[in-house]
K.L.:
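Next up is a structure, given as structure tokens.
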Amino acid sequence: MSSPVRVRFAPSPTGYLHIGGARTALFNWLYARHHGGTFVLRIEDTDTARNTQAAVEVIFQGLRWLGLDWDEGPESADADGPSRGDRGPYFQSRRGDLYRRRLQELRDRGLAYDRDGAVYFRMTREPITIPDRIVGDVLRPLTDREEQDPDWVLWRSDGQPVFHFVNVVDDLEMGITHVIRGDDHLTNTAKHIALFRAFGVPAPEYGHLPLILNEDGSKMSKRDRGAVVTGYQDEGFLPEAVVNYLSLLGWSPADGQELLRTPEIITRFGLDRINRSPARFDVKKLTALHFEHTRRMDPDAYVSLGVEYLRRAGIETGGHDPAYVRAALLTSQEKGKLFSELPLWTDFFFAEDAALVLDSEARAKTLVPAARPLIERLAAAFAAVPEFSAATLEAALKQLATELGIKAGALVQPCRLACTGRLVGPSLYHLLEVLGRDRVAARLSRAAALAVA
RNA sequence: GGCGCGUUCGUCUAUCGGCUAGGACACGGCCCUCUCAAGGCUGAAAGACGGGUUCAAUUCCCGUACGCGCUACCA
């Protein structure tokens, strides 16, 4: 039996969580969860000028939103705050002693030396083969420059260790068994392997993920729309859908199923089914997955998330009966819209009858004088219904349409506008049932009065 | 420039030498319908290019093109 899996995500706190970084985190997390291993979060905050506590918070927030919990790592964005795990500190800025000790170790072995005020690593002169679980074995010959001088800097003359060095020391000290990271690190891995050898320990297993590209195939950078995780939260995507979509970028399950909940992804995930080519990010497909997940999600979870997004839009539901709020939001669950669109679909439930805003364009088109008698007849028909339910309302409306010799739509549209203020929205009869007899009556009568020249 | 990685429908992908190249999203048409959707049926749509190897290549090898990455006292 092989040793327990230990993987890590080591972001630099730059003030946002990049979608590519989130995918890297996800794949590491999935690998850990699939193998019952440990997922470590390590903060690479060596750039003290840029890396603020708030920037660390953004990373935490993004990971938590996606549901990527870490077994070891910081519990606070404060580098001196509490953490979980016995391989800390988990902030690079607090690991200086470790780096200095390891540097001394290399010096003692004659593998590090001073030059121009910096400390250099005595790099192997041989080409290195990088064993990669995703790409396969990659032979990395020395570059032209390295032919001249293969040695490279471990510790800068300004007193700061370089990335390659701290990265390896951290992975070594933290007992990382598998390094799953972006393709951009592939060729640098030769340096890392050489360092592990210098320390006399086996290198971890590597797996380099193909990068995520923009929809047009260009490289995705922080400025691009869709590059930042918080953007998806703001737009109201379901995090489970984002996880599902991200998991499908570069990976696919053996049976080809695409709609997957996180536990199913964990079960099926494996490095052997990751492909090597970069993938473009397709918001349409993400949206489609969002739709599927949303309409299948637990209604209570849907309602509480919906309430949160309504609050963001300035609609407070607290003053209403919880059962009413729940019923109101659930009229829209089957629509699977983004949560940021939810206010457009449900705000009328929470408006005062007399204050309901009617879309002016729709009103001009629909609340014409000829509509007034129709609305009045409909109001009368609804008033006569013994039980105010979707089924009885539908029957009453359709019967009236038959009596008047008109299509149901001719009654539906004015009714929808009167009760919701718009011509699009949830299923009419259900929405009416939830609104209730009194509100519907009030709104129809108000609309009838407005339907004049 | 050098080195590395990659290249299947518009997009994400399946295929581990036998393919009438499958699925999903998007797109078109039809049906259904109270709006927007959904749903049902259906249509169009791919192996970058050129050489090999083989009875047989999308699958293996080489080259070219294109894309990306690395090539720092950046991470």
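Order of the sequence lines fixes the chain letters, A, B, ..., with proteins taken first and strands second; residue numbering starts at 1 for each chain.
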K.L.:
Checking side-chain polar atoms at under 3.5 Å, does A:N244 have a donor or acceptor matched by the opposite partner on A:E240?
P.N.:
no

K.L.:
Are A:N275 and B:U13 close enough that a side-chain N or O sits under 4.0 Å from OP1 or OP2?
P.N.:
yes

K.L.:
Any donor-acceptor pair, under 3.5 Å, between the side chain of A:R140 and the base of B:C3, if you only look at N and O atoms?
P.N.:
no

K.L.:
Paired with B:U64: which nucleotide, if any, by Watson-Crick or G-U wobble criteria at under 3.5 Å for both distances?
P.N.:
B:A48

K.L.:
Among A:W155, A:W152, A:F121, A:F196, which residue satisfies the ring pair (Phe, Tyr, Trp, His ring centres under 6.0 Å) criterion with A:H164?
P.N.:
A:W152

K.L.:
Let me have the donor-acceptor pairs involving side chains of residues 399-406 of chain A, under 3.5 Å, with sequence neighbours excluded, atom names and distances please.
P.N.:
unit_1: A:Q399; atom_1: NE2; unit_2: A:E403; atom_2: OE2; d: 3.1
unit_1: A:T402; atom_1: OG1; unit_2: A:K398; atom_2: O; d: 2.8

K.L.:
Whether the side chain of A:E258 and the base of B:G23 hold a donor-acceptor pair under 3.5 Å is what I'd like checked.
P.N.:
yes

K.L.:
Among residues at least two apart in sequence or on other chains, which ones pass side-chain contact (heavy atoms from CB on, under 4.5 Å) with A:A441?
P.N.:
none

K.L.:
If the threshold is 4.0 Å, N to carboxylate O, is there a salt bridge linking A:R42 and A:E72?
P.N.:
no

K.L.:
Ignoring hydrogens and angles, are the base of B:C3 and the side chain of A:T187 linked by a donor-acceptor pair under 3.5 Å?
P.N.:
no

K.L.:
Is the A:F9-A:Y90 ring centre distance short of 6.0 angstrom?
P.N.:
no

K.L.:
Return the nearest nucleotide to the side chain of A:R156; candidates are B:A14, B:C73, B:G6.
P.N.:
B:C73

K.L.:
Look at the side chain of A:D282 and the base of B:A24, then say whether one donor and one acceptor between them are separated by less than 3.5 Å.
P.N.:
no

K.L.:
Quick one: does A:K337 reach the base of B:A37 with a side-chain donor-acceptor pair under 3.5 Å?
P.N.:
no

K.L.:
Checking all strands, does A:L213 fall into the base, sugar-phosphate, or nothing category for heavy-atom contacts under 4.0 angstrom?
P.N.:
nothing

K.L.:
Whole-Å distance between B:A75 P and A:H18 NE2?
P.N.:
19 Å

K.L.:
Heavy atom of residues 119-132 of chain A under 4.0 Å from RNA chain B: which residues?
P.N.:
A:Y120

K.L.:
So what does A:R295 hit on the nucleic acid, given a heavy-atom distance under 4.0 Å: a base, only sugar-phosphate, or nothing?
P.N.:
sugar-phosphate

K.L.:
Within the 4.0 Å heavy-atom criterion, would you say A:R181 contacts the bases, only the backbone, or no part of the nucleic acid?
P.N.:
nothing

K.L.:
Which nucleotide, B:C12, B:A75, B:C34, lies nearest any side-chain atom of A:A279?
P.N.:
B:C12

K.L.:
If we call it a pair only when both distances are under 3.5 Å in a Watson-Crick or G-U wobble match, what pairs with B:C9?
P.N.:
none

K.L.:
Among B:G4, B:C73, B:U35, which nucleotide has an atom closest to any side-chain atom of A:P141?
P.N.:
B:G4

K.L.:
With the threshold set at 4.0 Å, does a side-chain nitrogen-carboxylate oxygen contact exist between A:E105 and A:R101?
P.N.:
no

K.L.:
If you compare every side-chain N and O of A:K191 against the phosphate oxygens of B:C70 (OP1, OP2), does one of them come in below 4.0 Å?
P.N.:
no

K.L.:
Separation of A:R296 atom CZ from B:A38 atom C1', in whole Å?
P.N.:
11 Å

K.L.:
Which base sits across from B:C3 as a Watson-Crick or G-U pair, both distances under 3.5 Å?
P.N.:
B:G69

K.L.:
Please answer whether the main-chain N or O of A:R443 pairs with a side-chain N or O of A:D353 as donor and acceptor at a distance below 3.5 Å.
P.N.:
no

K.L.:
In whole Å, measure the gap between the C1' atoms of B:C5 and B:U20 for me.
P.N.:
34 Å

K.L.:
Does A:R273 put a side-chain nitrogen or oxygen below 4.0 Å from OP1 or OP2 of B:U15?
P.N.:
yes

K.L.:
Would you mind reading off the distance between A:L248 atom CG and B:A24 atom C1', rounded to a whole angstrom?
P.N.:
9 Å

K.L.:
Regarding B:C34, can its base be found pairing with the side chain of A:S427 as donor and acceptor, where the two atoms are less than 3.5 Å apart?
P.N.:
yes

K.L.:
Nearest to the side chain of A:R416 - B:U35, B:C5, B:C73?
P.N.:
B:U35

K.L.:
Please pick, from B:C36, B:U13, B:C25, the nucleotide with the shortest atom-to-atom distance to any side-chain atom of A:K285.
P.N.:
B:C25

K.L.:
Could you tell me whether the side chain of A:K335 has a donor or acceptor atom within less than 3.5 Å of a complementary atom in the base of B:C36?
P.N.:
yes

K.L.:
Hunt down the Watson-Crick or G-U wobble partner of B:A57, both distances under 3.5 Å, from any strand shown, or write none.
P.N.:
none

K.L.:
Could you check which nucleotide pairs with B:A21 in any of the strands shown, counting Watson-Crick or G-U wobble with both distances under 3.5 Å?
P.N.:
none

